[in-house]
Amino acid sequence: MPHDPDPPPAKKFKPGSVFFRIDKNKPGMLLPRKANVTTPIEVQRKQLPIYQAKPQLLNQLRQLHNAVLIGETGSGKTTQIPQYLYEAGIGRQGIIAITQPRRVAAISLAGRVAEEKRTQLGKLVGYTVRFEDVTSSETKLKFMTDGMLLREAIGDPLLLRYTVVVLDEAHERTVHTDVLFGVVKTAQRRRKELNKIPLKVIVMSATMDVDLFSEYFNKSPVLYLEGRQHPIQIYYTKQSQSDYLQAALVSIFQIHQEAPPSHDILVFMTGQEEIEALARTCRDIAKHLPDSCGPMVVVPLYAALPPALQLRVFLSAPKGCRKVILSTNIAETSVTISGIKYVIDTGMVKAKRFNPDSGLEVLAVQRISKAQAWQRAGRAGREDSGFCYRLYTEQEFDNLIPMTVPEIQRCNLAGVMLQLMALGIPDVMNFDFMSKPSPEAVRSAVEHLELLGAVERKEGQVVLTALGKKMASFPLEPRYAKTILLSPDYSCSEEVLSIVSLLSVDTVLFNPPARREEVLAARKKFCTSEGDHITLLNIYRAFKKVSGNKEWCRENFVNSRNMGLVKDVQAQLREICLKLNLKLVSCGAETGNVRRCLAHGMFVNAAELQPDGSYLALDTHQPVAIHPSSVLFHGKPAYVVFNELLHTSRCYMRDLCLVDADWLLDAAPDYFGRKLHLTKS
DNA sequence: CGGCTACGG
């Protein structure tokens with residue numbers, strides 16, 4: 001049994017400030033009032049904090065073309081503002097769009113507002129997300145993912161169907177929201193120039209740091225709404241912790257011993273493995289505690305967890321039993337759990353970084369930002385006052401960066417640049433981003449697109465090629481789109497469509513660690529030395545052969561739900577292929593064609609075996625290794641292309657495909673000839 | 001030789 005030699009852990013903490021989410025000193029704040037869920041909808045609507053501000057809000061929003069709205073979740077801004085606008089006749093000539101970063105949010109908000117308007121979903125109020133369009137010609141209030149509005153913009157850059165665009169959760173700064181900022185700003189300006197119906201843009205944020213938003217949208221006024229956040233007592237460690245996992249463990253049991261059992265604990269950690277390991281340790285220790293302590297249920301939470309297990313975080317623990325949730329940052333925004341009294345914040349997160357020199361994204365454990373720390377703390381105060389234990393010192397907190405670096409500055413921009421060009425933006429290199437990505441990142445993305453043949457340079461300008469235009473019509477990363485467009489040349493478009501679809505969803509494979517041997521045995525019959533892509537293809541073919549039989553899926557550790565999504569994606573991609581008059585053919589057993597095609601589409605992600613048995617990425621010459629999840633993990637292929645690099649303990653290549661050196665040279669003779677010392681095998 | 005933040009089209 002693991003055991004803790006340290007002194008009582010609470011002694012290691014010192015109290016920090018009491019944290020209120022919203023600054024009470026700001027002028028124009030509204031006072032919160034308790035909601036009552038048993039009251040009728042009309043009354044509930046009037047009890048929302050925002051209701052008191054309705055006349056002033058409407059007065060302002062009627063006149064303004066741009067506004068920034070700050071309001072805590074619970075202020076009612078997302079459900080009420082669109083209704084207020086509609087009821088007041090603002091933007092009646094068109095549709096009011098409300099964008100969300102996540103599908104579930106778009107869907108559930110639309111449901112809620114339809115209920116409040118007492119109408120059937122899809123009539124006056126509707127939603128649009130990928131694979132689901134619940135709108136009609138009557139729809140005036142349209143909830144949608146920001147990615148969906150972006151795709152619509154490709155066909156209609158001026159967004160002429162819309163009179164108002166509400167960009168919600170803007171503080172999250174997803175890539176899609178950030179691109180949309182520029183798209184709506186451009187549309188707004190162009191519509192004015194062309195004397196079209198004006199476009200009103202409302203930016204909504206849950207955090208106070210909105211100067212950037214306001215500045216970017218023509219110094220638009222900022223309106224504040226009070227939410228229903230309760231005070232949270234913050235604690236910091238007295239000393240810096242070298243081992244945050246140990247510190248988390250100690251803190252969990254400290255709280256467990258002292259707090260009433262009905263008080264649930266939410267611990268923020270970085271990843272699946274770490275979470276599962278700590279869960280085991282906690283369960284072990286809990287078993288051996290004195291009876292005075294009471295039992296504990298430990299619930300892991302991360303995106304890769306099967307949905308049925310994810311739901312366990314919402315079940316309340318049996319009476320007298322404490323619930324401890326060990327979660328990734330999924331619980332920061334995507335999953336909201338009630339009853340959390342204590343948050344333990346390790347201060348760490350696994351997140352993407354981008355190296356513009358190599359054009360490669362890297363996933364690494366790193367410190368969170370202050371904004372993230374507040375977001376995490378806030379999860380303890382949703383129904384009542386709470387506590388947040390930060391496993392770092394106050395000084396360490398002070399040294400955190402204030403804001404999370406927007407995703408647009410942390411990712412490969414190839415897809416974004418392609419999309420902007422498809423939107424007809426004239427000078428993408430100097431696009432008006434709210435937070436500009438580095439010039440290197442932009443240049444790297446454009447070079448990437450040039451290599452793929454999606455863009456070319458004409459008179460100093462970067463322009464879209466015919467191929468690039470086709471590529472942009474796929475909801476895919478450019479290299480996947482390119483691979484699909486190449487596939488008829490290798491008579492394997494059916495196979496490539498399947499593979500790209502398989503790679504577009506979260507993994508279709510279950511890997512329960514406890515049943516490792518069984519998993520390996522079941523999977524063996526699909527594995528091939530050709531690599532992970534063909535292995536996935538084999539699994540998909542087998543899946544189709546049994547018509548998606550559930551029992552077969554269970555026996556083979558295949559996630560039937562995600563397989564269903566694969567079929568949806570494939571259907572969507574096939575539709576686009578048909579529109580582009582692409583020949584859909586199968587190569588049958590000739591899977592070498594598929595690998596050839598992948599080599600041509602993915603040559604930028606190639607690696608070469610070195611004499612010492614290690615691998616070097618061909619474009620950057622950085623050392624890389626085969627990820628243990630790959631079917632090629634125990635092999636030593638001379639050349640591979642891979643889907644992505646994952647920098648954890650080492651720089652791992654994930655999803656590998658065996659290729660010939662000749663194919664790579666064929667795909668990009670100049671590129672490899674100029675930059676690399678590819679030795680023919 | 002050994003392991004997979006979170007979203008989205």
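Here the structure is a predicted model, which is why all the values come from computation and not from measurement. The sequence lines fix the lettering, A, B, ..., with proteins before strands; numbering per chain opens at 1.
- Within 4.0 Å (heavy atoms only), A:R102 reaches sugar-phosphate atoms of the nucleic acid but no base atom.
- From the 5' end on, the contacts that DNA chain B makes with chain A at under 4.0 Å to a non-hydrogen atom open and close at B:dC1 to B:dG9.
- The side chain to side chain donor-acceptor pair (under 3.5 Å) check on A:E172 picks up A:R102, with sequence neighbours excluded.
- A:E152 and A:K142 are joined by a salt bridge, as a carboxylate oxygen and a charged side-chain nitrogen come within less than 4.0 angstrom of each other.
- Counting any heavy atom pair closer than 4.0 Å across all strands shown, A:V129 reaches sugar-phosphate atoms only and no base atom.
- Both A:P475 and A:T328 lie near DNA chain B, and the one whose nearest nucleotide falls closer to the 5' end is A:T328.
- Across all strands shown, A:R516 has heavy atoms under 4.0 Å from base atoms, whether or not it also approaches the sugar-phosphate.
- With sequence neighbours left out, the side chain to side chain donor-acceptor pair (under 3.5 Å) criterion links A:D146 to A:T174, A:T177.
- Checked against side chain to side chain donor-acceptor pair (under 3.5 Å), A:T186 has no partners two or more places apart in sequence or in another chain.
- For A:R103, there are no side chain to side chain donor-acceptor pair (under 3.5 Å) partners at least two apart in sequence or on another chain.
- The salt bridge (charged side-chain N to carboxylate O under 4.0 Å, His left out) analysis of residues 327-336 of chain A, with sequence neighbours excluded, yields the pairs A:E332-A:R376.
- At the heavy-atom level, A:E407 lies under 4.0 Å from base atoms of the strands shown.
- Note on A:L476: a base of the nucleic acid sits closer than 4.0 angstrom, heavy atoms only.
- Within 4.0 Å (heavy atoms only), A:F131 reaches no atom of the nucleic acid at all.
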